[in-house]
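Because the structure is predicted, anything quoted here is derived from the model rather than measured.
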Amino acid sequence: QVQLVESGGGLVQAGGALRLSCAVSGRTFSSYAMGWFRQAPGKDTEFVAANVRLGGTTFYADSVKGRFTISRDNAKNTVYLQMNSLKPEDTAVYYCAAGTRVGLLTGAREYDHWGQGTQVTVSS
């Protein structure tokens with residue numbers, strides 16, 4: 001059974017930084033495409049960043065491009081989301097997701113497994 005466990009969320013002032021981690025267990029990590037999504041109160045789930053299977057190619061939502069970086073450590077079965085220059089509008093619950101399809105996966109429905117989420121709050 002695949003499990004994803006996020007950590008690293010918290011409260012930070014605008015302009016600050018956080019690094020989210022997502023540990024994956026249950027299957028060979030490198031076989032998964034990984035993604036990060038977020039959901040703010042009263043809003044739909046929003047794509048944030050994606051990384052293909054085996055690493056390498058990444059893709060970002062326009063709202064986070066240049067500020068967020070997705071990376072993965074296949075030896076540690078972990079994917080990261082480094083978030084810099086945070087803004088109050090980045091406040092949301094952040095979820096990591098794992099998918100078995102090939103390519104960059106930017107739609108929530110393309111992913112097979114999800115973590116429980118971690119809260120990120122950015123104060124102004």
Side-chain angles (χ1 to χ4, degrees):
Q1 184 176 357
V2 179
Q3 289 187 325
L4 287 71
V5 179
E6 299 104 333
S7 61
L11 173 65
V12 64
Q13 289 187 333
L18 285 174
R19 188 177 80 156
L20 306 183
S21 300
C22 174
V24 181
S25 62
R27 182 173 166 169
T28 304
F29 176 70
S30 60
S31 69
Y32 286 118
M34 299 300 300
W36 287 95
F37 290 78
R38 66 187 181 186
Q39 187 171 27
K43 295 188 177 181
D44 293 333
T45 300
E46 176 189 18
F47 166 76
V48 174
N51 180 274
V52 299
R53 295 167 58 181
L54 303 178
T57 305
T58 58
F59 185 74
Y60 299 92
D62 288 343
S63 59
V64 306
K65 199 173 298 181
R67 301 187 297 122
F68 290 12
T69 303
I70 186 173
S71 62
R72 62 194 295 162
D73 185 336
N74 288 335
K76 295 183 178 180
N77 290 2
T78 301
V79 63
Y80 303 98
L81 185 68
Q82 178 67 44
M83 306 186 295
N84 298 330
S85 302
L86 283 161
K87 304 175 181 180
E89 51 263 45
D90 294 319
T91 295
V93 177
Y94 283 71
Y95 299 90
C96 70
T100 56
R101 302 185 189 190
V102 175
L104 276 169
L105 311 181
T106 61
R109 295 182 180 180
E110 297 178 287
Y111 287 87
D112 305 293
H113 308 286
W114 291 80
Q116 81 288 352
T118 186
Q119 176 71 46
V120 171
T121 303
V122 184
S123 63
S124 57

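Between Gln116 and Val93 there is no side-chain heavy-atom pair separated by less than 4.5 Å. Between Arg38 and Ser63 there is a side-chain heavy-atom pair separated by less than 4.5 Å. For the pair Tyr80/Ile70, no side-chain contact is recorded, criterion being any heavy-atom separation below 4.5 Å from C-beta on. You'll find the side chain of Thr118 reaches within 4.5 Å of the side chain of Leu20, heavy atoms only. By the 4.5 Å heavy-atom criterion applied to side chains, Cys22 and Tyr95 are not counted as neighbours. The shortest distance between side-chain heavy atoms of Thr100 and Tyr32 falls below 4.5 Å. In this structure, the side chains of Gln13 and Val122 stay at 4.5 Å or more apart for every pair of heavy atoms. A 4.5 Å side-chain heavy-atom check between Val48 and Tyr60 finds every atom pair outside the cut-off.
The two residues Leu4 and Val2 have their closest heavy-atom pair at CD1-CG1, 3.6 Å. Residues Ala14 and Pro88 come closest through the heavy atom pair CB-CD, 4.1 Å. Minimum heavy-atom separation, Lys43 to Gln39: O-NE2, 3.1 Å. For the pair Met34 and Ala98, the tightest heavy-atom approach, listed with the atom from each and the gap, is SD-CB, 3.7 Å. In this structure, Val120 and Met83 approach most closely via the heavy-atom pair CG2-CE, 3.8 Å. The heavy-atom pair separating Ser71 from Val79 by the smallest distance is O-CG2, 3.1 Å.
A salt bridge does not link Asp112 to Arg101: none of the charged nitrogens lies less than 4.0 Å from a carboxylate oxygen. Taking a cutoff of 4.0 Å between a charged side-chain nitrogen and a carboxylate oxygen, Asp62 and Lys65 qualify as a salt bridge.
Atom OG1 of Thr69 is separated from atom CG of Asn51 by 11.5 Å, given to the nearest 0.5 angstrom. The line from OG1 of Thr58 to CG of Leu104 is 7.5 Å long, rounded to the nearest 0.5 Å.
Panel note: side chain Glu6, backbone Cys96; a donor-acceptor pair is recorded below 3.5 Å. Remark: side-chain polar atoms of Arg19 are not paired, donor with acceptor, to backbone N or O of Gln82 under 3.5 angstrom. Between the side chain of Ser31 and the backbone N or O of Phe29 there is no donor-acceptor pair closer than 3.5 Å.
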Check your understanding: Does the side chain to side chain donor-acceptor pair (under 3.5 Å) test come out yes or no for Glu89 and Thr91, once each step is laid out?
Key -> CA-CA 5 Å; Glu89 51 263 45; Thr91 295; over 6 Å; no

Exercise for review: For side chain to side chain donor-acceptor pair (under 3.5 Å), just list the numbers for Arg67 and Asn84, CA-CA rounded to whole Å, side-chain angles, deciding distance to a tenth of an Å, and then say yes or no.
Suggested key: CA-CA 5 Å; Arg67 301 187 297 122; Asn84 298 330; over 6 Å; no

Exercise for review: Could you walk me through whether Thr78 and Val24 pass the side chain to side chain contact (heavy atoms under 4.5 Å, CB included) test, one step at a time?
Suggested key: CA-CA 6 Å; Thr78 301; Val24 181; over 6 Å; no

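Residues Val5 and Trp114 are members of separate hydrophobic clusters, defined by side-chain heavy-atom contacts under 4.5 angstrom among Ile, Leu, Val, Met, Phe, Trp and Tyr.
Aromatic rings from Phe47 and Phe37 are positioned such that their centres are separated by under 6.0 Å.
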